[in-house]
> 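Quick one: structure below, then a few questions.
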Amino acid sequence: MNKMYKAERKKYTAQFYKKNHTTFLITLLSTLLIAALNLWISWVMQQMIDTVSGVPGSLRLSVLAWCVASVVIAIIVLKGISYYSKPRFMEIAMRQYKDFAFRKLTKKSISTFNVENTANYISAFSNDATTIENGYLEMQFNILANGITLIGALVMMIAYSPIMTVVACLFFVLPIGVSYITGNRIEKAERTISEKNSELVATLKDSLSGFSVIKSFKAENAISGLFTKSNAAVEQAKCNKRKQVTVISGLAGVAGVTAQLGTFLVGAFLALAGWGITPGILIVFIDLTANVINPIRDLPEQLASRKAAIALIDKLAGSLDDNVREEGIHIPKQLSNGITLKNVTFGYEANYNILHDINTTFDAGKKYAIVGASGSGKSTLLNLLMASHGNYSGEICYDRYEVKNISSESLYDIVSMIQQNVFVFNASIRDNITMFHEFPKVEVDRAIELSGLSKLIADRGEEYLCGENGSGLSGGEKQRISIARSLLKKSQVLLVDEATAALDARTAYQVSSAILDLSGLTRIVVTHALDEALLKRYDCILTLKNGSIAEAGTFDRLMENKGYFYSLYTVAQ
């Protein structure tokens, strides 16, 4: 295993024990003492059988009564400690692990989920997390308890009768062989279940996201078929794992019974032959043999489950390390001169560029419109300004700072983006505007007024719950919330990507006008709506054609030139 890979995993597993050491140690100690207690019970049982059988030197019944009482008290105390410590340890461990992973998730670049499947992360925080909880955290205690039980039982067996221990060890070859042959199957089965779960989550996510499309095209049966197929694959994978567990348990059970009965027969022979084997020793050997066979049977499966859980931790760690934007320098929060692009060329795939040799400057405080046919690179250009991709050639500079070298925190201090699909949380209007941060009331009220949300607030109040993804709001209201967010954030640059495409003409005009009415910030707006009254308000219009700037200028100048913009505008009317 690569050392760097192990080091990365260690960051995640460390979260299980961070500020959780005391609870872990208490849980571990109680687990080990309970395992040792089972061996103590075996010794008490041997003494009781020998006492009843009249073996010379056996303990008196009164002493045995005290031994039994101590066992009962110990069980109550240890189980009581475990009742408190183990659930508490598991709660803290999983909470810290998932919190850490989610914080890592938030460090991904803006374009992450254009190339990654979100279903993998949903599965990682749900199904995979449950597997890790059971296979890694729970299993570590079971493995240690089995280890103590196995070693302690062997020590007691040797103390009672070395020759019977040798005989028993010969019989142990059977369960050890079964465990060795079948040990790795569980890990493979668990990984398959994780993969199939991710596919099922992806199908469910697509079905819910595209529900309106499914209904309008009457594709319910087809989508149900896809879900049924994915669901069947998950359950089939689980079924295969259960079959493997059943086979492994069955083979191990047969091997274990054979070892126990074989040991008992040899012990009976030795007892009858006068080798000093008492009835109590003979019976306790059967119990101790079980305490050796059960760990031998269970440990390979437990170790495989733990290994499978580790593989899921590695899987998440690897995914979270992808598409993470490198941190850079901090820059002033004030954009003094503007944004300059020099010879910028970019493509999502090698040898296939979307943008070609873009050269332009967006002066600070001015208004710019970017227009062009579908696929001309308008949205791609805006994404580059947000540092969504770093594999472009050329330069993109905010004042004198290349965007690749600017830290995400610093860049997002001065840049905000409004997109066509505004995400609204199922929280109050105020929380959606402030994005759960604290702001002075006067600043929030100003953002509400400038974004045109005053009427909505007056009608419904700031604490109105917006519903899942803003289901309680209209498209225009959601767009106004996105404008208010940017105003409250006091962004120096506002990027707008087809924000009004899904709105009716009247609402689209109002939202666009509200954006243009803002002052003190640079606005770069990608728009498909070629409205003369709005276009005349921009300081400059950039016309993209096949990934290049075909024309740039004011509305009147471009119309006078009667070039590519003139053609676009004429067709749109």
Side-chain angles (χ1 to χ4, degrees), residues 108-118 321-328 338-363 366 368-408 411-412 414-421 493-499 501 522-530 538 540-553 558 561 563-569 571-572:
K108 290 214 171 236
S109 65
I110 286 179
S111 63
T112 294
F113 298 113
N114 293 331
V115 294
E116 291 190 39
N117 190 347
T118 57
D321 278 344
D322 289 337
N323 297 310
V324 175
R325 187 168 184 269
E326 295 291 334
E327 289 306 307
I339 306 168
T340 302
L341 288 80
K342 295 181 180 179
N343 305 318
V344 174
T345 297
F346 170 77
Y348 296 102
E349 301 175 13
N351 303 318
Y352 185 76
N353 291 326
I354 303 295
L355 297 175
H356 308 275
D357 201 30
I358 300 294
N359 289 276
T360 191
T361 297
F362 301 103
D363 293 329
K366 291 188 176 181
Y368 295 86
I370 301 177
V371 301
S374 178
S376 59
K378 303 186 298 296
S379 296
T380 299
L381 179 57
L382 248 59
N383 286 332
L384 291 183
L385 295 178
M386 282 292 284
S388 295
H389 306 279
N391 57 330
Y392 57 85
S393 62
E395 294 182 4
I396 302 175
C397 295
Y398 281 74
D399 286 340
R400 57 189 177 86
Y401 303 98
E402 163 59 53
V403 72
K404 291 178 184 177
N405 302 326
I406 302 173
S407 70
S408 295
L411 179 64
Y412 301 152
I414 63 173
V415 184
S416 289
M417 191 169 188
I418 300 174
Q419 296 174 301
Q420 179 178 336
N421 297 317
V493 179
L494 180 61
L495 308 178
V496 184
D497 187 9
E498 300 280 14
T522 307
R523 282 140 291 171
I524 305 172
V525 181
V526 167
T527 179
H528 70 288
L530 302 184
Y538 288 100
C540 183
I541 301 169
L542 278 69
T543 309
L544 291 188
K545 182 180 181 181
N546 299 325
S548 299
I549 297 178
E551 290 181 291
L558 292 176
N561 290 343
Y564 184 58
F565 174 81
Y566 180 84
S567 300
L568 287 176
Y569 179 78
V571 170

> I need the Leu558 CG to Ile541 CD1 distance, nearest 0.5 Å.
5.5 Å

> For Ala387, is there any backbone N or O sitting under 3.5 Å from a side-chain donor or acceptor partner on Lys404?
no

> What is the minimum heavy-atom distance between Ile358 and Gly547, and which atoms define it?
CD1-O, 3.4 Å

> Roughly how far apart are Leu355 CG and Ile549 CD1, rounded to 0.5 Å?
9.0 Å

> Considering all heavy atoms of both residues, which atom of Ile524 and which atom of Phe362 are nearest to each other, and what is their separation?
CD1-CG, 3.6 Å

> Taking all atoms of both residues into account, what is the closest heavy-atom pair of Thr361 and Tyr368, and its distance?
O-OH, 3.8 Å

> Quick check: does any side chain N or O of Asn546 sit under 3.5 Å from a backbone N or O of Ser376, one acting as donor and the other as acceptor?
no

> Taking all non-hydrogen atoms of both residues, which atom of Asp399 and which atom of Cys397 are closest, and how far apart?
O-CB, 3.5 Å

> Determine yes or no for a side-chain-to-main-chain donor-acceptor pair under 3.5 angstrom, with Glu498 supplying the side chain and Gln419 the backbone.
no

> What distance separates Phe565 CZ from Thr543 OG1, expressed to the nearest 0.5 Å?
6.0 Å

> With rounding to the nearest 0.5 angstrom, report the NZ to OH distance, Lys366 to Tyr538.
15.5 Å

> Between Ile370 and Leu381, which heavy-atom pair has the shortest distance, and what is it?
CD1-CD2, 3.8 Å

> Can you name the closest pair of heavy atoms from Lys545 and Ala550 and give their distance?
CB-CB, 3.9 Å

> How long is the straight-line distance from CG of Asp497 back to CD1 of Ile418, given to the nearest 0.5 Å?
10.5 Å

> Donor-acceptor check, side chain of Tyr398 to backbone of Leu385, threshold 3.5 angstrom: yes or no?
yes

> Let me have the donor-acceptor pairs involving side chains of residues 341-352, under 3.5 Å, with sequence neighbours excluded, atom names and distances please.
| from | atom 1 | to | atom 2 | distance (Å) |
| --- | --- | --- | --- | --- |
| Asn343 | OD1 | Asn359 | ND2 | 3.2 |
| Thr345 | OG1 | Asp357 | N | 3.0 |
| Tyr348 | OH | Thr380 | OG1 | 3.0 |

> For atom CG of Asn561, is the number of surrounding heavy atoms from other residues, nucleotides or ligands below 6.0 Å larger than 12?
yes

> Atom SG in Cys540, atom CD in Glu551: separation rounded to 0.5 Å?
11.0 Å

> Is the backbone N or O of Gly372 less than 3.5 Å from a side-chain atom of Lys378, with the two atoms forming a donor-acceptor pair by type?
yes

> In the structure I gave you, are the side-chain heavy atoms of Met386 and Val415 within less than 4.5 Å of one another anywhere?
yes

> Just so I know, are the side chains of Val371 and Thr527 near enough to count as touching, which here means a heavy-atom distance under 4.5 Å?
yes

